[in-house]
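Working notes, beginning with the structure itself.
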Amino acid sequence: MERRGSRTAGWGWRLTRDDETFKTGPGGYRSAEEAYAAAQAELGRGPRLR
């Protein structure tokens with residue numbers, strides 16, 4: 001999870017393997033928890049939030 005920008009909807013996610021980014025999700029999540037859930041859904045490990 002990473003903070004992107006300074007507004008309230010500024011969290012995003014990035015998946016890495018061996019320190020190399022292989023997938024980046026959109027920003028705009030209100031919290032780190034929402035961004036984490038979206039990353040888990042992208043991996044097929046949870047429900048999609050959006």
Problem set entry | Side-chain donor or acceptor of Ser31 paired with backbone N/O of Glu34 under 3.5 Å | yes

For this session: Over all heavy atoms of both residues, which pair between Gly12 and Ala35 is shortest? Give the atoms and the distance, please.
Result: O-CB, 3.7 Å

Exercise. What closest approach, in Å, do Met1 and Ala39 show between heavy atoms, and which atom pair accounts for it?
Worked result: CE-CB, 4.5 Å

Exercise. Heavy atoms, side chains only, cut-off 4.5 Å: are Trp11 and Arg3 in contact?
Worked result: yes

Problem set entry | Min side-chain heavy-atom separation Leu43-Leu15 under 4.5 Å | yes

Exercise. Below 4.5 Å, heavy atoms only, C-beta onward: do Arg14 and Phe22 meet side chain to side chain?
Worked result: no

Problem set entry | Nearest atoms (heavy-atom pairs only) where Ala38 meets Tyr29 | CB-OH, 3.3 Å

